[in-house]
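For reference, the structure is listed below as structure tokens.
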Amino acid sequence: MLTMKQEKWGGPRPGAGRKPASEPTVTIRVPVSHKETLVALVQRMKTSPPVRIPDWLEMLPLAEQTPPRTIPLMSHSVRAGFPSPADDYVEKRIDLNEELIQHREATFFLRVRGHSMVGAGIDDGDELIVDRAIKPEHGRIVVAAVDGELTVKRFYQRGGAVKLVAESPEFPDIELKDGQEMVIWGVVTKIIKSV
Amino acid sequence: MTTFALIDGNNFYVSCERVFNPKLEGKPVVVLSNNDGCAVARSLEVKALGVKMGTPWFQMQDLARKHGIIALSSNYTLYADLSNRMMSVLGTFSPHQEVYSIDECFLALDGFNIDLTAYGQVIRQRVHRWTGIPVCVGIGPSKTLAKLANHIAKKRPEWKSVCDLGTLSEQDLNTLLDSIEVGEVWGVGSRIREKLATLQIHTVLALKQADSGLIRRQFSVVMERTVMELRGISCLALEEVAPAKQQIMCSRSFGAPVMLLTELREAVTSYATRAAEKLRRQSSVAGAVHVFISTSPFREKNPQYSQGLTIPLPDATSDTLKLVKAVLWGLKHIYRPGYRYVKAGVMLMDIAPAATQQNSLFADEVAEESTVQLMQTMDMINRKMGKDSIFLASAGIRKHWQMKRGNKSPSYTTNWDELAEVR
């Protein structure tokens, strides 16, 4: 037969006594005037559930909720204090390609040799901006291919007569003779000079 | 219904030269390949003299003297700039464009409810007016037919440089196709043409009406697709974004034969440098490099040797230093003294986008990052200050081996010091 040996006598009986509080408690001292408020607060926390932060909010730190930032063309970093009064007037820097070229694909640079157009302010060594997309009209300065040479002259087209007019007394006009071919290569839009 | 247009520059390189040198107008002109070797472009006048594409210059000397043929070294800088201008003008004529080569591009004209022949004329005049390059326009319901239409526009003056096959009745179209030799069809090379001849297929019409199953069995699905395309069923779509190159090759013939390893080292270093630049421009990395050297097969009396070697890289890279190191290692292994080498080349292989690159276990990522920065800096300096502003010293400074380009025109549009002159 199995014998049991009693090792200990007395002590607490399990399950006996007052029901334990939900969590351990401490005794604190509070000012008398606040006692009612604090008691009411504790009561309310017992009856209503605590405020919970939803999971998704915790997942996303604030910084990542903002859309990706684009870098402004130019601006001051804003310091605490007075912002720059120039900020509203910021504009892109001038781009000569945009200002001087109307048709990108059709625009070429050529260099002038000789003095046939000095009267029009075109000197030896100047660079010309030539736009092939512009229609040559009477009075415009054009580059033309005459007898296998590129030449810059003023385009004259009146009453069926077509000629290229030099702007220097030393150079005769070029009038189209029979069998001679002239192709207008492009229209001069700007002259670049070194000074 | 699909509609494609193929626009193609006439004798493109010659036309580029003529834009800035009107003297060449109406004269017989050829443009020679690198090292002034063979004809790579011929003006109409030269074609009329019976000079074939690829004829070596020394073989046309007599003809050239007799007819005053003007031979020019190729000026790819100029051709590339005018090509970009032309493509950009053409791009304004359709929302969908495929740049197919330096001088031709496809446009999708689906749903353009207008007179396409007139539209083609507008395209032609605009490109000619704006860039100086004369072009022909071919229009058809498939890319293959558009290309064939372009051929017709070019060869048959009655079409006035614009040919829309859609304007023809089925019967007229067939009559036209019957008059064209089958070798003119896109994708039909000389070997396929010979084989088609054994099947009694000599004209485009015969190929169009051939049994497509037979064509597939005798040739391939690719040829079967060509038959379908000839029937007006579009099988090839527009490729608007050029696929990243799977292989990048940089090889040249030398100006004079080279015997020394040191000179070969210089040459392959600069080829590898150039290839690596291209690789980085398409944001890719290479997993292997191939280097080769060869003597001239045309100098039959000299001892012949040609050899290549592929070197796999531990980590795919676009780093010029690593690629050059691998190439030089390979060169040392294939080089044999005593031969007169006339050509060397470097090919980058196993190309993948840099973004999906997989590093090996032992890759040093910090060092990796700094070489990426070094390469970016190098590319930037060379872009800003001009080609080869900085380069590896092993590319050599004197470059005896460099190409001959005896009669190259100035870089009219890309170098401020070489602008065309006007009187």
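Just so we're on the same page: letters track the sequence lines, and every chain starts at 1.
- When each of A/E149, A/E127, A/K153 is scored by its heavy-atom pairs under 4.5 Å with chain B, the top score falls to A/E127.
- When each of A/I122, A/V112, A/D126 is tested with A/K193 by the rule side chain to side chain contact (heavy atoms under 4.5 Å, CB included), just one qualifies, namely A/D126.
- Interface residue A/T151: backbone and side-chain heavy atoms are both found under 4.5 Å from chain B.
- For A/D131 (side chain) and A/V187 (main-chain N/O), no donor-acceptor pair under 3.5 Å exists by modelled atom type.
- Aromatic ring centroids of A/H138 and A/F155 lie 6.0 Å or more apart.
- When each of B/R18, B/K23, B/R126, B/R129 is scored by its heavy-atom pairs under 4.5 Å with chain A, the top score falls to B/R129.
- Interface residue A/V143: only side-chain heavy atoms are found under 4.5 Å from chain B.
- In terms of heavy-atom pairs under 4.5 Å with chain B, the best-connected choice from A/H103, A/H115, A/R111 is A/R111.
- For the residue pair A/E170 / A/S168, no side-chain donor-acceptor distance below 3.5 Å is found, with atom types taken as modelled.
- Relative orientation of the B/F20 and A/F108 rings is perpendicular, given thresholds of 30° and 60° on the angle between their planes.
- Only the side chain of B/L82 comes within less than 4.5 Å of a heavy atom in chain A; its backbone stays farther off.
- With respect to chain B, the highest number of heavy-atom pairs below 4.5 Å among A/A166, A/A145, A/A133 belongs to A/A133.
- Contact annotation for B/E421: both backbone and side-chain heavy atoms come within less than 4.5 Å of a heavy atom of chain A.
- Classification of the B/Y79-B/Y13 ring pair by plane angle, with boundaries at 30° and 60°, yields parallel.
- Between chain B and the residues A/M117, A/R132, A/R104, the most heavy-atom pairs under 4.5 angstrom are made by A/R132.
- Under the 3.5 Å distance criterion, with hydrogens and angles disregarded, a donor-acceptor pair is assigned to the side chains of B/N75 and B/S409.
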